[in-house]
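Contents: one structure, followed by commentary.
Predicted model only: the values in this text are computed from it and were never measured.
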Amino acid sequence: MDNRDEQEKKQIDEYKKKPFINFADSINRSVIGDWGAITRGGCLVRIVTTLVIIGILLIFLLLK
């Protein structure tokens, strides 16, 4: 957790120095998605995400 916090602080400092990096990251995340956001969520977010993933897998298995 501390490593992630330090990395985010460094990234924020970098964004302040070079604002177009923030814009480029935003564009990339909108195209690719930010999978790290799922793991940063609280307990409820993790439970809902897990249920959604299991539900999607069950739907695919039942449709085969």
Side-chain angles (χ1 to χ4, degrees):
M1 291 291 261
D2 292 331
N3 189 21
R4 187 180 306 158
D5 292 337
E6 289 175 16
Q7 185 178 13
E8 287 179 7
K9 287 179 184 178
K10 288 179 184 178
Q11 192 172 18
I12 289 170
D13 291 338
E14 189 68 26
Y15 288 161
K16 288 179 183 177
K17 292 177 186 174
K18 301 176 184 176
F20 279 105
I21 292 175
N22 187 16
F23 178 71
D25 285 347
S26 297
I27 297 297
N28 288 338
R29 286 190 181 130
S30 69
V31 174
I32 298 171
D34 184 13
W35 289 97
I38 293 174
T39 59
R40 278 184 249 146
C43 183
L44 183 61
V45 173
R46 289 182 184 183
I47 291 171
V48 170
T49 304
T50 303
L51 291 176
V52 168
I53 291 171
I54 290 172
I56 291 171
L57 290 174
L58 285 174
I59 289 172
F60 281 124
L61 289 174
L62 292 175
L63 289 179
K64 267 191 162 181

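- By the side-chain contact (heavy atoms from CB on, under 4.5 Å) test, I54 pairs with T50, L58, sequence neighbours left out.
- If you chain together hydrophobic residues whose side chains sit under 4.5 Å apart, I56 and V48 fall into the same group.
- By the criterion of side-chain heavy atoms lying less than 4.5 angstrom apart, applied directly or through intervening Ile, Leu, Val, Met, Phe, Trp or Tyr residues, V52 is grouped together with F60 in one hydrophobic cluster.
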